[in-house]
Every structure is written in C-alpha cells, then in structure tokens.
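These notes are about the structure you will find just below.
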Protein chains: 2
Amino acid sequence: MPRHDPDARNGRRVSVTDVAAAANVSVGTVSNVLNRPEKVLPATKARILQVIDELGFVRNDAARQLRAGRNRAIAMVVLDVANPFFTDVAHSVETELAEQRRPLILANSAQDPSREASHLDLFGEQRVDGMLITPVGRVLTRLRQLRDRGVAVVLVDRKTGSREFSSVSVDDRMGGRLAAEHLLDVGRRRLVFIGGPGSLAQVRDRWTAAREAVESHADATIRFVETEAMDARAGRQAADTLLQLPADERPDAVFAANDLVALGVLQALTLAKVSVPDEVALIGYDDIDFAASAAIPLSSIRQPREELGRRAAQILLEVIDEPDTRVRHVVLEPELVVRRSTSG
Amino acid sequence: MPRHDPDARNGRRVSVTDVAAAANVSVGTVSNVLNRPEKVLPATKARILQVIDELGFVRNDAARQLRAGRNRAIAMVVLDVANPFFTDVAHSVETELAEQRRPLILANSAQDPSREASHLDLFGEQRVDGMLITPVGRVLTRLRQLRDRGVAVVLVDRKTGSREFSSVSVDDRMGGRLAAEHLLDVGRRRLVFIGGPGSLAQVRDRWTAAREAVESHADATIRFVETEAMDARAGRQAADTLLQLPADERPDAVFAANDLVALGVLQALTLAKVSVPDEVALIGYDDIDFAASAAIPLSSIRQPREELGRRAAQILLEVIDEPDTRVRHVVLEPELVVRRSTSG
DNA sequence: GCACGCGATTGAAACCTTTCAATCGCAATC
DNA sequence: GATTGCGATTGAAAGGTTTCAATCGCGTGC
C-alpha cells in the first residue's frame with residue numbers, strides 16, 4: 001500500500017539510451033535536446049520530449065559531471081549557521097548565484113577546524129567549481145591544493161594568505177576601534193571585551209584595535225574575557241563570571257565580539273538586575289536584525305552583510321571565468337549603530 | 001605570481017589508474033585501499049597511500065556516484081533559512097546524520113513553490129539518497145516520482161499525502177488552540193491572527209484551531225490578517241495596518257504565526273507607543289531563542305525543534321535502509337511558554 | 001611432492017552522459 | 001544529372017570509479 005508504482009520502482013532506471021531507442025533517434029540527439037535544444041528540429045524535439053515525459057527520464061547529474069569534469073555548484077563554509085549574520089551573507093550569495101543557475105551548498109564549520117577540514121575534503125571530491133570560505137583552522141595548504149586542481153577560492157570576511165587568494169572582508173580593526181571609542185566617548189573607563197576563541201582572526205583584530213583605542217586614554221582599561229564559542233550561551237557564562245567580581249572591579253562597559261554574545265550578556269545582566277546601560281554599557285557586533293529588538297535595543301557595529309555576500313559571489317564568478325585574474329582584496333567599512341544599550 | 005604550482009595545475013588530473021601504475025598494483029587494489037582498507041596487505045596499503053599523497057590524488061565523487069547509482073547526501077528543503085527555527089531543526093538533523101557520515105545539503109524554498117520545484121528537480125538529478133522537506137506548493141507528484149526512483153522522502157512539520165510518506169510534525173492545531181486560549185485566559189476578547197500566506201498548512205491549522213477556540217467564547221472575536229511572508233518586516237507591516245484602525249476597533253491581542261512576525265509586530269507597536277501587553281497582548285510561535293530576549297520578552301508556543309530534527313533524520317535513515325517499512329507519523333506536542341508580552 | 005585452501009590481487013565490465021568528427025538527406029546551383 | 005552546401009543526426013569514445021569473478025601465490029596437510 002505504501003508502494004505507489006511498483007513498475008517504475010523495480011524497473012531499471014531510464015537513461016538517455018532508453019529514451020533514444022523509444023524515440024528512434026540516437027543518444028546524441030537526445031543529449032542535444034537537453035543541452036542545445038535550438039540545434040534540433042522542432043518535430044524531433046517534440047517527440048523526444050514526449051518520450052522523456054512518458055518514460056520519466058531524469059538526467060543523471062553524476063554522469064554529466066563526470067563527463068564535464070566539474071560541478072557547477074558553489075560551496076560555502078561558514079563559521080556558524082546559527083548566527084543570522086552568516087545566513088544573511090549566505091542568502092545574499094545565493095541570490096547572486098541564482099542568475100547563473102548555480103546551486104549553493106552550505107556547510108557549517110561550527111568554528112571547528114576538523115569539521116572544516118572534512119568539509120573541504122568533501123568539496124574537493126565533489127569538484128565544485130568554486131568555494132567561499134571563512135577559514136577557522138590552518139587551511140592554507142588545503143586551499144592551495146584545491147586551487148591547483150582548478151577550484152576557484154575566495155575568502156570571506158578574512159584575508160589569510162592574501163597574496164594568493166582574493167578576499168572580501170569588513171575592516172575588523174576599524175570596527176573594534178569604533179566600538180571602543182564609542183564606549184569611551186560615553187564616559188566608560190573599565191572595559192571588557194568578550195569573545196573567542198582567541199585564535200579566530202576576527203576576534204583578534206577586534207580585540208587588538210579596541211585595546212589600542214583604550215590605551216590612548218591614560219585612565220581607561222580593557223581586558224579580554226575569552227569564550228569557547230560565540231553564541232548567547234557563551235555570553236551568559238562570561239557575564240556570570242564578571243558578576244562574581246567584587247563591585248569595585250566590575251566593568252562599566254562590555255564590548256561583545258558579536259551580537260549573539262551580546263544578547264547572552266544582556267540576558268545575564270538583566271537576570272542579575274544590573275542595569276544596562278546605567279551600570280554597564282553594552283555593545284555588540286554585526287548588527288543582526290534581532291539587535292534592534294532586544295530587551296534593551298543593542299548598540300552594535302554594523303557589517304554590510306548584503307554587500308559582503310554579493311561582492312564575494314561576484315569575485316568568485318570572475319575567478320571561475322578567468323583563474324589568472326589578479327588577486328584582489330575588497331575591504332568594506334563597518335559602521336557604528338548607537339542604540340539604548342550604550343546611551344540610556 | 002598568483003600561480004602557485006603550475007605543474008600541478010596544468011597536469012592532467014590524477015586518477016586511480018595513475019596511482020595504480022605508480023604503485024605497481026591494479027586499480028582494483030587502489031579502490032580497495034580507499035573502500036575496504038582491511039582487505040589489503042599492510043605493506044601494499046602503505047605503498048599506495050604514499051603514492052596517493054605524492055601524486056595528490058583525490059577521488060572523483062562524480063565517478064563514484066555514477067558507479068554507485070546514488071549519492072550518500074541527504075537534502076533538506078526548508079521554508080526559510082533566515083528563520084532560526086529552521087536552522088535549529090537543520091542543525092539537529094545534521095548532527096544525527098553525522099554519525100553515518102552523510103552530508104546534509106540545505107536548500108531554501110523561501111516559501112516559493114517555483115523555487116521549491118527547481119530544488120526538487122535538482123536533487124532528483126543528483127540522486128540524493130534521501131530528502132527531508134517542509135512542502136510549500138503542490139509537490140506530491142514530484143515527491144512520488146522521486147520516491148519511485150528510490151529516493152527516501154520524509155515530510156517535516158507537515159503531513160500532506162500522509163498515506164504515502166512518513167512524517168514528523170508538531171501539532172499545529174494544538175498550538176493554535178493553546179495560544180488562543182491563553183489570550184482568552186488573560187482576559188482578551190478582540191484577537192487578531194497574523195500570518196501567511198494562507199496557503200501554508202501551518203498557517204491554516206494554527207488559524208483554524210485559534211478560531212475554534214475563540215468561537216466557544218460568545219463575547220470574543222478573532223480575525224485573520226494575511227501576510228505574504230513570515231518575517232519581521234511582514235509583522236511590522238501588518239501591525240501598521242492595525243494601528244490605522246479607529247481605537248475602538250483595535251485588537252487587544254495579537255497571535256503571530258511565528259516569532260519573527262511577532263518581533264516585527266512588537267517593533268511596530270513599540271514605535272507607535274502602544275503598550276505591550278497592557279494595550280495589546282502578543283504571542284508568537286516557535287519559541288526561537290530570541291523570543292526570550294526581546295524588548296518585551298515574548299510569550300510563544302514552543303516547538304520541540306531539536307527532537308523534530310532528530311526524529312526526522314532517524315525515520316529517514318530507516319526508510320533508506322528499508323524502503324518498505326510502514327508509513328509512520330510522529331506528532332510532537334507544542335507547549336505554551338508565558339512571558340511578559342501576555343502577562344504584564 | 002602434490003593437491004588444496006585461502007587470502008591477496010587482478011582487470012574487464014558497468015555506470016550514463018556529453019562531445020565531435022563523420023555521415024546523411026535534401027535542396028539549390030551549375 | 002552531377003555537385004555543392006548545409007543543417008540535422010549519428011555513434012563511438014571518453015571520463016574515473018567500483019565491483020566481482022577469476023587468478024595468483026604460498027603455506028599446509030597428507
């Protein structure tokens with residue numbers, strides 16, 4: 001009863017050969033109908049299309065790819081699919097690729113170098129045409145191997161190995177500076193930066209620039225609270241740690257390395273009845289949509305994520321077309337967005 | 001200068017044949033090293049592995065799939081990748097599949113039947129082993145075709161064509177009832193349901209159950225405000241429409257078909273200085289993480305999304321192993337979560 | 001010394017599509 | 001009536017892997 005059409009299921013799969021036989025043409029003609037319909041006589045085409053329909057023929061993509069030597073798909077490896085920042089960027093990439101009818105395969109490294117490596121290996125075997133990656137681990141060697149085998153690679157939101165691979169990124173140092181200077185501007189002097197792991201370039205750059213900004217104010221300090229991940233849970237935990245400090249050691253401002261962490265911090269502070277921004281000012285990073293509608297609307301550093309995805313896709317397509325184009329680095333600028341969490 | 005290793009790039013791609021020749025074995029043995037390493041003598045294996053490394057051989061997945069007739073991958077088509085509910089479900093699916101080393105290909109139908117159809121066609125050509133889908137359009141015919149060609153199909157969060165396909169879903173009617181009854185319980189009588197498009201089964205079920213709950217109260221009313229999508233923007237727009245009503249026609253409670261819509265409604269109401277929950281009570285659906293940290297923490301109907309993904313993946317794997325297992329329907333129960341937006 | 005058994009290895013066949021040089025059929029031209 | 005030109009069609013080859021029946025080589029038991 002669950003069975004719907006046993007014949008179709010048990011019968012061997014239908015191939016171009018079967019279609020050709022049934023339509024009394026050669027396989028070449030069937031292939032032409034599929035790929036260069038204008039090359040075949042309308043009458044023949046109609047007949048073949050009808051047979052295709054009757055037999056339920058579906059082109060086998062594996063065979064097609066084998067013959068072509070490549071896969072039209074583009075793979076994208078992001079740090080965290082649960083972070084709206086990355087899904088927004090991916091969405092923008094997808095939109096740009098849709099024009100060329102190229103599917104986007106999304107993979108989540110979850111900031112884990114071993115997961116990242118296994119995704120890269122898989123995409124290598126799949127011979128994707130191009131790849132967008134926000135690297136976590138030491139992947140330069142693997143990326144070179146891919147490139148040498150003809151896979152176009154563009155780095156997103158990162159410039160590692162920049163002499164060899166084009167990239168599109170947002171200036172994290174500028175973002176870090178903007179955030180820190182804003183906190184200083186609103187009179188805060190005991191800053192904390194929360195983010196991690198410290199091995200992530202994004203985290204390092206934002207932290208370093210923030211530290212430099214703070215160091216130019218003699219009376220201000222900033223310290224680094226490292227987290228293992230960058231989600232709300234990590235933010236809550238980090239904030240709980242800070243709450244255990246004696247009152248006179250508590251920070252009066254928190255700069256979270258992304259908005260998810262900031263939202264976590266906000267939850268923990270609210271729960272502990274610490275007023276934001278009166279007692280602690282709070283700024284995040286990314287300006288995801290939820291930042292604006294948080295319990296206390298969150299100040300943040302806006303990254304132009306739509307443009308980031310679009311430009312990345314464009315450059316990737318260029319590299320696919322012309323692998324020897326000059327390596328390019330597009331650096332976009334972030335922007336400070338002030339909301340209630342830093343300006344009560 | 002962008003060129004890294006011209007030899008490797010220009011040279012023909014390395015195949016098992018090349019490896020076999022260089023290692024003085026047959027292709028069969030190379031294949032065994034790759035797929036059944038225990039079958040080959042340690043010394044031979046070591047030699048072949050070394051050659052593989054030296055030559056930079058990477059198995060061609062297209063050829064492998066062609067031979068195998070299928071692709072180990074599982075495809076998942078969701079309504080909206082920008083909705084954390086679906087990324088959470090997808091994440092849970094991915095985790096479950098990881099044990100079998102099956103990659104998950106995520107595709108976004110964006111509630112658009114034509115996008116959904118083209119994804120299905122693509123996955124058909126790719127001969128994925130299995131597919132999880134939350135259907136939008138009239139896809140039953142396509143799904144049957146896929147099933148008849150050996151693709152395991154499990155419906156997620158929907159029961160269309162339930163005699164033929166197994167499914168895992170959450171009881172939307174129960175959810176709709178819980179939401180409406182809660183609003184009635186806290187004394188509201190002029191309800192509005194916001195969601196859409198009305199063709200979505202989720203929307204219909206939640207609405208219908210809510211209407212039924214309201215109808216059993218003689219003095220209460222509920223009306224349907226249909227949106228084109230289910231994101232925050234749609235929520236803001238719908239709320240703006242309501243705000244233009246004369247004060248005595250305004251609702252005193254809003255039931256949004258998902259949390260994104262609810263957050264949009266909340267933004268618009270806040271902007272218009274309408275107090276939530278005093279003037280308008282607001283409840284969402286899904287209980288995404290952000291619901292708890294919204295400006296006014298959002299009451300919602302929690303769906304067990306982790307379990308939803310896990311069970312869906314498990315059933316799919318069962319169907320792949322044993323295509324003729326009985327069709328099963330797992331229905332999970334949603335749960336009311338009361339927060340400030342309905343209980344000031 | 002021989003047959004047997006068994007693990008290791010072989011290599012041709014199969015998977016299905018696309019490509020492209022060759023061929024066909026037909027009409028226009030000389 | 002023969003030739004040319006041209007669009008439509010043909011069909012064999014190529015692409016790289018896996019499978020599996022057949023073979024090899026070697027030690028064991030008689």
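Residue numbers start from 1 in every chain, and the chains themselves are labelled A, B, ... in the order their sequence lines are given, proteins ahead of strands. Hydrogens, waters and symmetry mates play no part in the numbers below; they use all other heavy atoms, side chains included.
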*Roughly, in whole Å, what's the span from CG in A:Asp18 to C1' in C:dT17?*
13 Å

*Are A:Asp121 and A:Arg142 close enough, and set up right, to give a salt bridge (Lys or Arg N to Asp or Glu O under 4.0 Å), and what steps lead you there?*
CA-CA 8 Å; A:Asp121 289 345; A:Arg142 268 199 174 77; 2.9 Å; yes

*Atom CD1 of B:Ile52 to atom C1' of D:dG16: distance rounded to whole Å?*
14 Å

*Sugar-phosphate atoms are those with a prime plus P, OP1 and OP2; base atoms are the rest. Using that split, label each nucleotide of nucleotides 19-24 of chain C B, S or - for protein heavy atoms under 4.0 Å, 5' to 3'.*
B-----

_So which atom in A:Met131 and which in A:Phe123 form the shortest heavy-atom distance, rounded to 0.1 Å?_
SD-CD1, 3.9 Å

*Looking at A:Val136 and A:Ser109, what are the two nearest heavy atoms and their distance?*
CG2-OG, 3.5 Å

*Would you say the side-chain atoms of B:Arg102 pair up with the backbone N or O of B:Leu97, donor to acceptor, closer than 3.5 Å?*
no

*Starting from C1' on C:dA14, measure out to CG on A:Leu66 and report it in whole angstrom.*
12 Å

*Rounded to the nearest Å, what distance is computed from the CG atom of residue B:Leu55 to the P atom of nucleotide D:dG16?*
14 Å

*Return the value, rounded to whole Å, for the distance between atom CZ of A:Arg70 and atom C1' of C:dT17.*
16 Å

*Under 4.0 Å between a side-chain N or O of A:Ser26 and OP1 or OP2 of D:dT10?*
yes

*Write down the distance between CG (A:Asn60) and P (C:dT18), rounded to a whole number of angstrom.*
9 Å

_Rounded to whole Å, please give me the gap between CD in A:Gln126 and P in D:dG16._
17 Å

*Report yes if the side chains of B:Asp80 and B:Phe85 come closer than 4.5 Å at any heavy-atom pair, otherwise no.*
no

*Have a look at B:Val30 and say if it touches a base, only the backbone sugar-phosphate, or nothing, with a 4.0 Å heavy-atom cut-off.*
nothing

*Along DNA chain C (nearest heavy atom to each residue), the more 5'-positioned of A:Phe57 and B:Thr44*: B:Thr44

*Classify the side-chain pair B:Glu54/B:Gln50 by whether it contains a donor and acceptor separated by less than 3.5 Å.*
yes

_Starting the side chain at C-beta, find the nucleotide from D:dG15, C:dT17, D:dT9 nearest to A:Val40._
D:dT9

_Please report the distance, rounded to the nearest Å, between CG in A:Leu41 and P in D:dG7._
13 Å

*Take A:Val89 and A:Thr134, measure what side-chain contact (heavy atoms from CB on, under 4.5 Å) needs, and give me the verdict at the end.*
CA-CA 11 Å; A:Val89 174; A:Thr134 305; over 6 Å; no

